[in-house]
Every structure is written in C-alpha cells, then in structure tokens.
Amino acid sequence: MTSLTIARPDDWHLHLRDGAMMEGVLPHSARDFARAIIMPNLVPPVVTGAQASAYRDRILAALPEGMAFDPLMTLYLTEDTDADDVAAAHASGLVKAVKLYPAGATTNSASGVANFDNVRGVLERMAEIGLPLCVHGEVTDGDIDIFDREAVFIDRVLDPIRRATPGLRVVMEHITTSDAVAYARAQDDSIGATITVQHLMLDRNDMLVGGIRPHYYCLPILKRGSHKTALLDAATSGEARFFLGTDSAPHATHTKENACGCAGCFTAPVALSCLAETFEAAGALDRLEAFVSLNGPAFYGLPVNTDTITLTKGDPITPPASVDTGAGPVTVFDAGRPLHWRVG
Ligand code: NCD
Ligand code: ZN
Ligand code: ZN
C-alpha cells in the first residue's frame, strides 16, 4: 500500500502551552488534526470554566488564518475545584473533560491532588453528568520506583476511585505498561486509554543505551520493550477503548538538554508519519484509522470528522530538527529511523 485515506484524525491529549510557545507549536497540530483535548497544566493552571474559556479564545486567536482547529478544553482538578463550576462548564459545551494530576507527578502538577477524599464530591458530580476524568496515572511516593509508578497507581488509586464512583468515565492517559493495557481491557466501556507516539516506537534502551537522550525523556517514563509490545498490540487491535493521545509536550530545547531536563516529547509535527510507519511495520495499517480517527470520538460521544486526510508513502521525509518559537527552539521528536509516510 502506498496511499491511505482516512477520516481526519484528532489528538486526545495535547499540550499547547500559552503565549509565544503556543503560537509556534499550534500550527503543527492544526495542520493534521481537526480537534484536540487541550491539557490544562499551564502556570497557573486552567482550573475554572472562565479560565478555560479565556484559554480557548487565546488558542483560536493564535490559529493562523485559514486553518481550522477545534480545541476541546479541560479543567485542571484541584482539591478546591467547585463542582458547580465544573458542571456549568460542561453544560455550556466548553469543557470535555477534567484532568487529574496527582500532586508532583509531572510537569506543572504542583496544584494537583494529594488527598483524593477532597475531590470525591466533584468526581461524583462528573459521574452524574457523564463528564470524563482524564488521569495522569502515576503515584508519587518516594519509595516507589519510577518504572513501577503506573502499575502501583492502578492498584492503589485508580481502581479504588472507580469502585467508589460508579459510572465515572475515565481516560487512562498516556499508558505505558502491559499492566495498564490489561486493566483497561478488563473493564467495561466507561474506560478509555490513550497511547502516545513515543511509547509505541521506543523503549527505555532507546533512551539510555549508548548515551542519554533527553528528547526521549517523558512521563510516564519509557519502559522495557515487553511493555512497548503490549502497547503496540493494544493500539493496533482496533479495540474501541484505545485511541491516540500524542501527549506532544513542547519544552524549549535548552530546558531538556540540561542537567535537570524537563519531561516531554514534541511529536506533533511528525506524529502521523511516525504512526503510519509503526502500524505498517506491525502489518496493521488497516487499523490506523480506528486508532487515530474513530475510537476517540466514540468515547467522547462526538461525531467522526467528515473530511479526510491522505497519507502517501515515498522517499524518506526530512522533518525539521526543531521548530522556532518566540520562547526558543523546540526539538522535534526523532525516533531514529526513516519515515516514509507523509500527510498529503
Ligand atoms: C507533560 C508536559 O510537559 O506538560 N510531560 C510529559 O512528559 N508527558 C506532562 C504530562 O503529560 O504528564
Ligand atoms: Zn501526564
Ligand atoms: Zn501530557
């Protein structure tokens, strides 16, 4: 196959940041994706409906003339979140999910949740109104090894929350382990799970053998190869619960090439080329559309995009090594292998 036409994809987990950084990175998502779930981990975080509305306006104002893109907004869950404000933001159509960051788990998560009892009322309200909870699923306990933090979170936090809040719809964000794949598969359709580009292409050896590669450092951290295999099996299965969330997470290059480098991979410019390459190698190109264009809208109860994109295979493409933004250059994800598929 050298050409593949599919419904236009969406990105169900995206960091656009704000200001000059946002202006620089937004076109790279809007070029290929119709919609994206916009992560709220700004500084300060997007907590209220009013803040989400203002952020959405800033995104639309930064969109280049002639480009169409629908930012699907989320609220950052804090222990002070007001359930009425959440319900109103959902009822107006502005907000499509609430995001749970365990305090201290990842980039800009300091305002996240430490005591889960304090968000019980909000979660119950969300279950009532059918508003999904997107979860960064890692515990932060210092005695839990970083490579085990996702699996432990499922047992200690996620499963108890779901049992305590029947009917709550949950997206396990950026899953990285066979444990998460197995947990998602064992649940009913109230659970969805997003998978990133880098976790389908790389394992921890790619990051750490022969030199440390800071542009492969993200959270949850890349795991051993057997987990990558389980994720690839999930993504290429066609199963409705698994869909693309790139977690494209731009950080200025100097903040990653640093003695204490930031977590996040900027994959937006190459996400679809990477996925086509990966699905083709897995013999599953016919399942790509389900993963990038069909399963996400079905979970969120939104229509599939009516326009299409065409991926074509040819000579290896040469993506830019970095994208210039007013907040400094941002290194573009390079999986270290040739990419033959381009959009258009
Ligand atoms: C994300 C970021 O930079 O905001 N980083 C990452 O490594 N994934 C935060 C997140 O999604 O956890
Ligand atoms: Zn996260
Ligand atoms: Zn993220």
Side-chain angles (χ1 to χ4, degrees), residues 10-19 21-22 24-26 29 33 36-46 55 71-77 96-113 132-140 146-147 149-150 153-154 157-158 170-177 180 192-202 204 207 213-223 231 243-258 260-268 271 296 323 325 327-328 330-333:
D10 304 300
D11 185 351
W12 301 96
H13 181 135
L14 176 65
H15 299 272
L16 287 179
R17 316 302 189 200
D18 211 345
M21 175 68 84
M22 174 172 72
V25 300
L26 173 61
S29 287
F33 297 97
I37 285 276
I38 308 299
M39 288 295 134
N41 61 333
L42 305 183
V43 187
V46 180
Y55 184 29
L72 308 176
M73 307 311 291
T74 63
L75 299 179
Y76 186 121
L77 183 62
K96 298 291 186 252
V98 171
K99 177 76 189 215
L100 166 62
Y101 292 102
T106 187
T107 306
N108 302 337
S109 61
S111 311
V113 178
L133 180 71
C134 293
V135 178
H136 180 108
E138 289 190 288
V139 294
T140 56
I146 188 168
F147 292 99
R149 288 179 170 198
E150 180 173 283
F153 182 90
I154 294 169
V157 183
L158 179 60
V170 172
V171 184
M172 300 170 71
E173 297 285 353
H174 49 41
I175 60 170
T176 64
T177 58
T194 58
I195 307 177
T196 77
V197 172
Q198 67 268 21
H199 291 99
L200 291 173
M201 297 186 87
L202 304 176
R204 63 195 193 184
M207 178 175 59
R213 291 175 179 74
H215 298 291
Y216 291 168
Y217 174 64
C218 66
L219 293 171
I221 198 159
L222 294 170
K223 305 298 193 297
L231 296 169
F243 41 92
L244 174 65
T246 66
D247 191 18
S248 181
H251 292 272
T253 296
H254 72 277
T255 67
K256 288 188 65 67
E257 296 174 3
N258 190 290
C260 184
C262 296
C265 301
F266 178 50
T267 53
V323 163
T325 78
V330 180
T331 299
V332 174
F333 178 74

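In listed order, ligands and their atoms are each counted from 1.
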[X] neighbourhood, listing ligand 1 atoms whose heavy-atom distance to it stays under 4.0 Å:
X	value
Asn41	2 (C), 4 (O), 9 (C)
Cys218	7 (O)
His136	12 (O)
His174	11 (O), 12 (O)
Asp247	6 (C), 8 (N), 11 (O)

*Can you find an N/O atom of Ala249 closer than 3.5 Å to an N/O atom of ligand 1?*
no
*N/O of Tyr217 under 3.5 Å from N/O of ligand 1, yes or no?*
no
When you measure from the side chain of [X] to the backbone of [Y], do you find a donor-acceptor pair of N or O atoms at a distance under 3.5 Å?
X	Y	result
Ser248	Ala268	yes
Asn108	Val43	no
Lys256	Cys262	yes

Quick one, [X] and [Y] - any side-chain contact, counting heavy atoms below 4.5 Å?
X	Y	value
Leu16	Tyr55	yes
Pro102	His136	yes
Arg17	Asn41	yes
Ile154	Met172	yes
Val171	His13	no

*Record the part of Glu173 in heavy-atom contact with ligand 1 below 4.0 Å; permitted values are side chain, backbone, both and neither.*
neither
*Mind checking whether Ala263 contacts ligand 1 via backbone (N, CA, C, O), side chain (CB onward), both or neither, at a 4.0 Å heavy-atom cut-off?*
both
*May I ask you to check if any N/O/S atom from Asp247 comes under 2.8 Å of the Zn ion (ligand 3)?*
yes
*asked:* On a heavy-atom basis, I'd like to know which of His15, Met39, Lys99, His13 is closest to atom 1 (C) of ligand 1.
replied: His15
*Picking from Met207, Glu150, Arg204, what satisfies side-chain contact (heavy atoms from CB on, under 4.5 Å) with Ile221?*
Met207
*Please name the residue in the list Val332, Thr267, Val25 that meets the side-chain contact (heavy atoms from CB on, under 4.5 Å) test with Pro250.*
Val25
*asked:* With carbon and hydrogen excluded and only N/O/S kept, which atom of His136 is nearest the Zn ion (ligand 2)?
replied: ND1
*Quick one: report the N, O or S atom of His13 that is nearest to the Zn ion (ligand 3).*
NE2
*Judged by non-hydrogen atoms, does Arg17 sit under 4.0 Å from ligand 1?*
yes
*Cut-off 3.5 Å, side chains only: do Thr176 and Lys223 have a donor facing an acceptor?*
yes
*Specify the protein heavy atom at minimum distance from atom 12 (O) of ligand 1: its residue, its atom name, and the distance to 0.1 Å.*
Thr106 OG1, 2.7 Å
*Which residue supplies the protein heavy atom nearest to atom 7 (O) of ligand 1, what is that atom called, and how far is it?*
Leu219 N, 2.7 Å
*Hey, is the Zn ion (ligand 2) within less than 2.8 Å of some N/O/S atom on His174?*
yes
